[in-house]
Amino acid sequence: MKKQWWHGKVAYQIYPKSFKDTNQDGVGDLRGVIEKLDYLKNLGVDILWLSPIYCSPLADQGYDISDYYNIDPRFGTMEDMDELIAEAKKRDMYILMDLVVNHCSDEHQWFQKAMEDPEGEFGKYFYIEKGRNGKPPSNLRSYFGGSVWERIGETDQYYLHLFHKKQPDLNWENPVVRKEIYSMINWWLEKGIAGFRIDAIINIKKALPFHDYEPDREDGLASCGKMLEEAKGVIDFLKEMKEETFQKYNAFTVGEVFNEKPEELPDFIGEDGCFSSMFDFRETIFGSSEKGWYDSQPIMPDDYRNCCFESQKRVEGIGFLCNIIENHDEPRGVSRYIPKGECSDASKKLLATLYFMLKGLPFIYQGQEIGMENVPFRSIADIDDISTLDEYKVALEQGISEKEAFEIACRYSRDNARVPFQWSSDKNAGFTQGSPWLMVNPEYEKLNLELQKEDPDSVFQYYKKLIALRKSEVYKDTFVYGALEPVYTEFERVMAYYRKGKDQDILVIGNFQTESRRIELPEKAAKVLLNNDDTVSWEDGYLCLNGYQAVVLELERSR
Ligand code: TEU
Ligand code: CA
């Protein structure tokens with residue numbers, strides 16, 4: 001496998017709006033990121049993915065961009081951005097921007113001009129279709145609920161938005177649009193960013209002409225996924241984009257790709273793929289339903305394990321995944337993947353160990369390193385997220401009680417990840433001295449970075465050890481390039497795998513339950529490289545693990 005500059009790195013996702021506020025307006029900002037660069041460097045992370053900070057009306061918290069070439073004043077200035085890039089470079093850290101080009105904001109000048117003259121040049125930047133007898137051109141449902149078609153004034157014309165109506169889809173079939181996008185990408189790469197996380201990118205290829213699909217809910221609409229299954233040729237756009245931009249700068253790119261077809265993997269993340277990597281979302285979408293969150297099934301530890309290993313298998317010999325337990329679109333990983341009532345420092349460290357040592361580039365989402373959990377929202381009024389509010393409505397429309405619909409909304413809400421980072425026990429968890437844009441988790445006085453910096457057994461200190469081990473001179477090649485071989489997959493509530501490299505055989509093993517257990521090891525452990533418990537005990541060749549104990553062992557190699 002051709003070595004790449006990013007192969008041994010560890011990445012960290014920052015949601016700037018909730019990271020650190022330095023001008024006390026209650027909104028996180030770029031100066032807050034600059035202020036925390038040394039913290040992040042000391043943690044051991046190398047690559048920083050910033051969720052969008054471009055000009056935006058924030059209808060979808062910045063994923064609705066009204067000017068790709070400017071920083072939204074709420075987050076700071078272009079000078080702040082230039083300073084962040086320079087300060088990161090000084091620390092051998094790399095900045096990824098969020099590339100949101102399936103759609104822009106309806107407040108972007110392109111769309112404003114299109115609305116002035118839908119038949120004109122800018123109308124062709126979007127999908128504008130005639131209605132059918134006073135109804136929308138087709139029956140697709142937006143990811144955020146309702147039709148994907150928004151009527152233009154009193155005309156019988158509609159524009160397409162797979163997401164929010166303030167996020168009109170850009171027409172990638174129009175070469176002028178693609179050229180505009182590539183110029184913008186190169187402009188940012190010229191400024192010295194190291195690459196992009198690429199938002200919702202599979203949506204850019206539509207199945208044309210637009211037509212109806214079999215409804216999948218009583219609303220008579222059908223999920224966008226139905227169209228994506230049919231769309232052919234997204235790879236042509238993606239390859240052109242890579243050739244026109246990324247590859248000129250040896251940029252790192254990670255695609256946000258859901259529901260990819262297995263045969264597409266080599267084109268996506270192979271040696272000459274259009275992305276450097278893509279996120280593993282298998283665990284994220286496990287148990288989800290077209291009907292909505294109310295119909296989702298919980299993911300249990302063995303499901304989690306099987307999803308991780310299935311993803312690893314699918315990309316084996318093809319390319320690298322980026323591994324996560326959470327992001328800004330998901331609930332907190334420790335609240336999702338650890339069974340209710342079993343969330344503890346030990347189980348948080350176990351989950352950290354098991355995902356972090358998988359093959360691929362690990363991403364940490366802000367606050368994950370201190371074990372931030374889902375938020376005890378008090379009522380639906382605490383929730384800001386448009387996706388959550390839609391799902392709450394969908395549940396109510398199914399006749400589900402307000403109490404249960406609220407519980408479901410809280411369980412899966414993106415706002416679990418979007419409340420302010422918990423820096424300290426100071427007011428507002430040290431995030432702002434102003435009034436925070438979204439509530440602070442009321443548990444912050446018991447769970448914050450300041451407390452954990454002082455505690456050698458904290459989740460934070462464990463993440464530091466985990467990162468240091470993965471990047472250590474002696475073992476990094478095995479963790480980066482070593483083969484991943486699942487083991488004990490027939491055991492319930494055990495997740496274990498080998499990492500077999502040129503120089504070492506390593507076993508990563510976690511007892512994913514509260515009860516202790518003994519496991520017979522075929523090989524002898526030469527060294528305990530990491531342990532989330534005080535000791536590791538052995539009895540007659542059996543490894544004895546306490547509840548939620550995880551260990552990383554270097555095994556003796558048979559001569
Ligand atoms: O998410 C794409 C995507 O698939 C989302 O619709 C996801 O399924 C949803 O957020 C789950 O509730 C990207 C961004 O990560 C997300 O924050 C944006 O809302 C979305 O694109 C539109 O840009
Ligand atoms: Ca601010």
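Order of appearance sets the numbers: ligands from 1, and atoms from 1 within every ligand. Fair warning: this is a prediction, and the values are worked out from it, not measured in the lab. The basis for the numbers below is simple: all heavy atoms, side chains too, and nothing from hydrogens, waters or symmetry mates.
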What atom name does the N, O or S atom of D29 nearest to the Ca ion (ligand 2) carry?
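Looking only at N, O and S atoms of D29, the one nearest the Ca ion (ligand 2) is named OD2.
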Report the C-alpha distance between Q366 and H328 in whole Å, list the side-chain angles of each, state the deciding distance to 0.1 Å, and finish with yes or no for side-chain contact (heavy atoms from CB on, under 4.5 Å).
CA-CA 9 Å; Q366 70 176 47; H328 68 291; over 6 Å; no
I need the O(V27)-the Ca ion (ligand 2)-OD1(D25) angle, rounded to 10 degrees.
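Rounding to the nearest 10 degrees gives 80°.
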Where the Ca ion (ligand 2) is the corner point, what angle links OD1 of D21 with OD1 of N23, to 10°?
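For OD1 of D21 and OD1 of N23, the angle centred on the Ca ion (ligand 2) reads 80°.
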When the ring planes of W293 and Y412 are compared, do they come out parallel, tilted or perpendicular, using 30° and 60° as the limits?
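Tilted.
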Take the angle between the ring planes of F246 and F196 and call it parallel below 30°, perpendicular above 60°, tilted in between.
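Rings of F246 and F196: tilted, as their planes differ by 30° to 60°.
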What part of [X], side chain from CB on, backbone N/CA/C/O, both or neither, has a heavy atom under 4.0 Å from ligand 1?
| X | result |
| --- | --- |
| R197 | side chain |
| H103 | side chain |
| R418 | side chain |

Nitrogen or oxygen of R414 less than 3.5 angstrom from that of ligand 1
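Among all N and O atoms of R414, at least one is under 3.5 Å from an N or O of ligand 1.
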Within the protein, is there a heavy atom lying under 4.0 Å from atom 15 (O) of ligand 1?
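Under the 4.0 Å cut-off, atom 15 (O) of ligand 1 does have protein heavy-atom neighbours.
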Identity and separation of the nearest protein heavy atom to [atom]:
| atom | result |
| --- | --- |
| atom 12 (O) of ligand 1 | S387 OG, 3.1 Å |
| atom 4 (O) of ligand 1 | F258 CE1, 3.3 Å |
| atom 19 (O) of ligand 1 | D60 OD2, 2.5 Å |
| atom 21 (O) of ligand 1 | D199 OD1, 2.9 Å |
| atom 7 (C) of ligand 1 | D329 OD2, 4.4 Å |
| atom 3 (C) of ligand 1 | E256 OE2, 3.9 Å |
| atom 20 (C) of ligand 1 | F163 CE2, 3.6 Å |

With rounding to the nearest 0.5 Å, note down the distance linking OG in S288 to CZ in F281.
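Here the interatomic distance stands at 12.5 Å.
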Using side-chain contact (heavy atoms from CB on, under 4.5 Å) as the criterion, point out the one residue from [options] that pairs with [X].
| X | options | value |
| --- | --- | --- |
| I71 | D80, L30, T77 | L30 |
| L99 | I201, I65, D199, I185 | I185 |
| L361 | F279, F320, W6 | W6 |

Would a distance-only check, ignoring hydrogens and angles, find a side-chain to backbone donor-acceptor pair under 3.5 Å from N139 to Y213?
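Side chain of N139 to backbone of Y213: a pair is present.
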With the side chain counted from C-beta on, respond yes when Y365 and R332 share a heavy-atom pair under 4.5 Å apart, and no when they do not.
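Y365 reaches R332 side chain to side chain.
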Could you tell me whether the side chain of S18 reaches within less than 4.5 Å of the side chain of W437, counting heavy atoms only?
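Yes, their side chains come closer than 4.5 Å.
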What verdict does the side-chain contact (heavy atoms from CB on, under 4.5 Å) test give for H164 and I386, after you've listed the backbone C-alpha separation in whole Å, the side-chain angles of each residue and the deciding distance to 0.1 Å?
CA-CA 9 Å; H164 191 274; I386 50 175; 3.8 Å; yes
Numbered atoms of ligand 1 (with element) below 4.0 Å of H328, judged on heavy atoms
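Listed by number with element: 14 (C), 15 (O), 16 (C), 17 (O).
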contact_flag F144 ligand 1 heavy-atom lt 4.0 Å
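Within the 4.0 Å threshold, so yes.
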